[in-house]
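These notes concern the structure reproduced below.
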Amino acid sequence: MKLGVERGRSQRANLKCGVCGEHGGDPASVRFFYKAGLNYVSCSPFRVPVARLAAAQAAIEEERAK
């Protein structure tokens, strides 16, 4: 997935990449997608709070690693 994002953005720098479905609300998947460089995830409304929390945690983890 990361390779696809990198190759797509090499041709179009502002390319928006994301995923839709139940994976979008799974915390482990959200972290994976964040590290792969995706811009967004889409999921059912009931999973949005969990997805937002996972995305925030992934961003914090990346910031701490720097």
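In this text the structure is predicted, and so the values were computed from the model without any measurement.
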Q) With a 4.5 Å limit on heavy-atom distance, are the side chains of V50 and P27 in contact? A) yes
Q) Which heavy atom of C43 sits nearest a heavy atom of G25, and at what distance? A) CB-N, 3.6 Å
Q.
side chain to side chain contact (heavy atoms under 4.5 Å, CB included), that's the test. Do R47 and D26 meet it? Break it down for me.
A. CA-CA 8 Å; R47 300 193 80 167; D26 176 56; 4.2 Å; yes
Q.
Run the side chain to side chain contact (heavy atoms under 4.5 Å, CB included) test on S44 and E22 for me, step by step, so that the C-alpha distance in whole Å, both residues' side-chain angles and the decisive distance to 0.1 Å come before the verdict.
A. CA-CA 7 Å; S44 69; E22 289 303 308; 4.1 Å; yes
Q. Can you tell me how far the SG atom of C17 sits from the NZ atom of K2, to the nearest 0.5 Å?
A. 13.5 Å
Q) Given the rule in the side chain to side chain contact (heavy atoms under 4.5 Å, CB included) test, do M1 and L38 qualify, once you have shown the distances and angles that lead to the verdict? A) CA-CA 9 Å; M1 184 165 287; L38 271 63; 3.8 Å; yes
Q: Determine, stepwise, if the pair Y34 / E61 fulfils side chain to side chain contact (heavy atoms under 4.5 Å, CB included).
A: CA-CA 11 Å; Y34 181 84; E61 287 174 13; over 6 Å; no
Q. Below 4.0 angstrom, N of the basic side chain to O of the carboxylate: do K35 and E62 qualify?
A. no
Q: Heavy atoms only: give me the nearest N39-L15 pair and the separation to one decimal.
A: OD1-O, 3.6 Å
Q: Might you confirm whether atom CZ of R9 has over 12 heavy atoms from other residues, nucleotides or ligands at distances under 6.0 Å?
A: yes
Q) So how far is it from L3 CG to E6 CD, rounded to the nearest 0.5 Å? A) 6.5 Å
